[in-house]
Amino acid sequence: MTQIDRRPVLLAGLGLALRQTDAASIRPKAGDLFVKSGDSSRTALAPGDIAIGAAQTLVWPMDPNDGTVRSGSRLNQVTLLRLEPDTLTSETRARAVDGVVAYTSICTHTGCDVDDRQASERLLACQCHFSQFDPRDAAKVVDGPAPRPLPALPLKIVDGKLAVAQPFTAPVGFEKG
């Protein structure tokens, strides 16, 4: 019978457990604030910091208690847009604050970044396979191979700042095929 060295197995398990409890990798929680990607000052954003009709702003959730920016997983990156509130569907308006909506920046097709905006159509777009999403209508797919809408992150205001109200409306990520 072959003797197995348990040490590598135990160390691998410990590494996995540590990654699962890493505060920077935990999904956004209710009360988390938002900071712009790349903002080393960690300035929490207010609705007025997001201009109506401007290109999307890429942000990370931040724990307001200890300042941990949840940038340890790309699945936590969020797209913020500010739209005219009267152009939002009732479902979208219920998750928005002052016209600001929040969606994952990960395409539901193959996990590429939703990092483009079709300004004339007012749509979010993924340049990998050209899926397009309507941020005014719950980020529903309007073109391309994406199989489902972008998960939304419901918002609220805390002390004048944008904050997470509830977890994502659906799992973030793509369809495995």
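Side chains included, hydrogens not; waters and symmetry mates left out as well; all remaining heavy atoms used.
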Next item on the list: Could you tell me the separation between the CG atom of Leu81 and the CG atom of Leu124, rounded to the nearest 0.5 Å?
Entry: 5.0 Å
Checklist line | Within residues 159-170 or reaching into it, pairs that qualify as salt bridge (charged side-chain N to carboxylate O under 4.0 Å, His left out) - sequence neighbours excluded | finding: none
Check: With sequence neighbours left out, what residues match Glu84 under side chain to side chain donor-acceptor pair (under 3.5 Å)?
Finding: none
Check: Between Cys128 and Cys112, is the SG-SG gap under 2.5 Å?
Finding: yes
Next item on the list: Give a yes or no answer on whether the side chain of Thr92 reaches the backbone of Ala138 with a donor-acceptor pair at less than 3.5 Å.
Entry: yes
Checklist line | Residues Leu162, Leu80; criterion side-chain contact (heavy atoms from CB on, under 4.5 Å); working and verdict | finding: CA-CA 10 Å; Leu162 291 166; Leu80 295 180; 4.0 Å; yes
Check: Roughly how far, to the nearest 0.5 Å, is CG of Leu153 from CZ of Phe34?
Finding: 4.5 Å
Notebook entry, point to check: Is there a side-chain contact between Pro171 and Pro151 (heavy atoms, below 4.5 Å)?
Noted result: no
Margin query: When you compare the side chain of Thr43 with that of Val35, does any pair of heavy atoms fall below 4.5 Å?
Written below: no
Notebook entry, point to check: Ser37: what forms a side chain to side chain donor-acceptor pair (under 3.5 Å) with it, not counting sequence neighbours?
Noted result: Trp60, Gln77
Note to self: Run Thr87 and Arg122 through side-chain contact (heavy atoms from CB on, under 4.5 Å) and show every step you take.
What the structure shows: CA-CA 11 Å; Thr87 66; Arg122 300 187 299 181; 4.3 Å; yes
Next item on the list: Hey, could you give me each pair passing salt bridge (charged side-chain N to carboxylate O under 4.0 Å, His left out) that has a residue in residues 57-68? Not counting sequence neighbours.
Entry: Asp63-Arg70
Check: In Å and rounded to the nearest 0.5 Å, what is the CG to OG1 distance from Leu45 to Thr57?
Finding: 7.5 Å
Margin query: Within the structure provided, determine whether Val141 and Gln132 are in side-chain contact (heavy-atom separation under 4.5 Å).
Written below: no
Notebook entry, point to check: With sequence neighbours excluded, what pairs up with Ser71 under the side chain to side chain donor-acceptor pair (under 3.5 Å) test?
Noted result: none
Item checked: Inter-residue atom distance Phe133.CZ - Cys126.SG, 0.5 Å rounding -> 6.5 Å
Check: Applying the 4.5 Å side-chain criterion to the ILVMFWY set and letting contacts propagate, would Val164 and Ile50 be lumped into a single cluster?
Finding: yes
Note to self: Is there a side-chain contact between Val69 and Arg42 in this structure, where contact means two heavy atoms from C-beta onward sitting under 4.5 Å apart?
What the structure shows: yes
Check: Does anything in residues 162-174 pair up under salt bridge (charged side-chain N to carboxylate O under 4.0 Å, His left out), and if so which pairs, sequence neighbours excluded?
Finding: none
Next item on the list: For residues Ala24 and Asn76, report the shortest heavy-atom separation together with the two atoms involved.
Entry: O-ND2, 3.7 Å
Item checked: side chain to side chain donor-acceptor pair (under 3.5 Å) involving Asp39 - partner list, sequence neighbours excluded -> Ser41
Item checked: By side chain to side chain contact (heavy atoms under 4.5 Å, CB included) - contacts of Pro64 (at least two apart) -> Asp32, Leu33
Next item on the list: Would you sort out whether Thr104 and Leu75 count as a side-chain contact (heavy atoms from CB on, under 4.5 Å), showing the intermediate values?
Entry: CA-CA 7 Å; Thr104 180; Leu75 299 180; over 6 Å; no
Checklist line | For Asp113, all residues meeting salt bridge (charged side-chain N to carboxylate O under 4.0 Å, His left out), sequence neighbours excluded | finding: Arg74
Next item on the list: Just grab all the salt bridge (charged side-chain N to carboxylate O under 4.0 Å, His left out) pairs involving residues 126-137, residues at least two apart or on different chains.
Entry: Asp134-Arg136, Asp137-Lys140
Next item on the list: Using a 4.5 Å cut-off on heavy atoms from C-beta on, say whether the side chain of Ser105 contacts that of Asp115.
Entry: no
Checklist line | Nearest heavy-atom neighbours spanning Tyr103 and Leu150 | finding: CD2-O, 3.8 Å
Side-chain donor-acceptor contacts of residues 94-102 below 3.5 Å, not counting sequence neighbours, with atom names and distances?
residue, atom, partner, partner atom, Å
Arg95, NH2, Glu91, OE2, 3.0
Asp98, OD2, Arg82, NH2, 2.6

Margin query: Same cluster or not: Val59 versus Ile106, using hydrophobic residues (I, L, V, M, F, W, Y) connected whenever any side-chain heavy atoms lie under 4.5 Å apart?
Written below: yes
Note to self: Give me the atom names and distance for the closest heavy-atom approach of Asp49 to Ala44.
What the structure shows: OD2-O, 4.1 Å
Margin query: Set out, in order, the CA-CA distance, both residues' side-chain angles and the distance that settles side-chain contact (heavy atoms from CB on, under 4.5 Å) for Leu88 and Asp86, then state yes or no.
Written below: CA-CA 6 Å; Leu88 305 178; Asp86 62 344; over 6 Å; no
Next item on the list: Mind checking side chain to side chain contact (heavy atoms under 4.5 Å, CB included) for Ala165 and listing every partner two or more places apart, or none if nothing turns up?
Entry: Pro154, Lys156
Note to self: Using a 3.5 Å distance criterion without hydrogens, assess whether the side chain of Ser73 forms a donor-acceptor pair with backbone atoms of Ser25.
What the structure shows: no
Notebook entry, point to check: Say you draw a straight line from CG of Asn65 to NZ of Lys29; how long is it, rounded to the nearest 0.5 Å?
Noted result: 10.0 Å
Note to self: To the closest 0.5 Å, what do you measure between CG (Leu83) and CD1 (Ile52)?
What the structure shows: 8.5 Å
